[in-house]
Amino acid sequence: RPTDVEGVLLALSPRDVPVGSDRASGHFEPTSEGPTPEDALAEQELRDARGRAIGEVLATVSARERRVVELRTLSEEARTLDELASELHLSRERVRQLEARALRRIGEAFVERGLAA
């Protein structure tokens, strides 16, 4: 009987078919949850390009500026201006100036490369 065959086929079909699919026709409509693979790839490429730009700029700044940016912005545990001032034997204000100068150059590099948010 046709209904028995349909029942067996339905029982044997995968149970984890995503919402938006039609088991009978095999038609699948992707859900709109989360980014598409293309969006995720584009975002990763943008992050990679920004990382390269940061690396290129940091290679051109002074060792102090590079150290300040790395420890204040790029490390997992950001250091305070006071901590860096003590470590580098500089005033807190001078550390802030070094950081601002390096970050401005990074921002300019982002704009030049079309990577600004």
#### Entry: Check: R66 side chain, L58 main-chain N or O, donor-acceptor pair, under 3.5 Å
yes

### Message
Test of understanding: with salt bridge (charged side-chain N to carboxylate O under 4.0 Å, His left out), list the residues that count as partners of E108, not counting sequence neighbours.
### Response
none

### Pairs satisfying salt bridge (charged side-chain N to carboxylate O under 4.0 Å, His left out), at least one member in residues 34-45, at least two apart
E43-R47

### Task
Check side chain to side chain contact (heavy atoms under 4.5 Å, CB included) between A100 and all other residues, then give those that pass, not counting sequence neighbours.
R96

#### Entry: R101: side-chain hydrogen bond (donor to acceptor under 3.5 Å, both in side chains) partners, not counting sequence neighbours
E65

### Message
Is any side-chain heavy atom of L90 closer than 4.5 Å to one of L98?
### Response
yes

### Connected hydrophobic set around L41, excluding itself, where side chains approach under 4.5 Å
none

### Task
Taking the side chain as every heavy atom from C-beta outward, state whether T73 and I106 have any pair of such atoms under 4.5 Å apart.
no

### Task
Taking side-chain hydrogen bond (donor to acceptor under 3.5 Å, both in side chains) as the test, write out the residues that go with R64, two or more places apart.
none

### Query
Closest heavy-atom contact between A102 and V69?
CB-CG2, 3.4 Å

### Message
Suppose we screen for salt bridge (charged side-chain N to carboxylate O under 4.0 Å, His left out). Which residues come up paired with R72, at least two apart in sequence or across chains?
### Response
E99

#### Entry: Which residues share a side-chain hydrogen bond (donor to acceptor under 3.5 Å, both in side chains) with R94, sequence neighbours left out
Q97

#### Entry: For R67, all residues meeting side chain to side chain contact (heavy atoms under 4.5 Å, CB included), sequence neighbours excluded
L71, E87, L88

### Query
Looking at residues at least two apart in the chain, or sitting in another chain, which of them share a side-chain hydrogen bond (donor to acceptor under 3.5 Å, both in side chains) with E56?
R113

### Task
For R105 and V61, work out which heavy atoms get closest and say how close.
NH1-CG1, 3.5 Å

### Message
Between L46 and I54, is there shared hydrophobic-cluster membership here, with clusters defined by ILVMFWY side-chain heavy atoms closer than 4.5 Å?
### Response
yes

### Summary
Rounded to the nearest 0.5 Å, the OG atom of S86 sits from the CG atom of L81 at a distance of 12.5 Å

### Task
Please name all residues satisfying salt bridge (charged side-chain N to carboxylate O under 4.0 Å, His left out) with D48, sequence neighbours left out, ordered by chain then number.
none

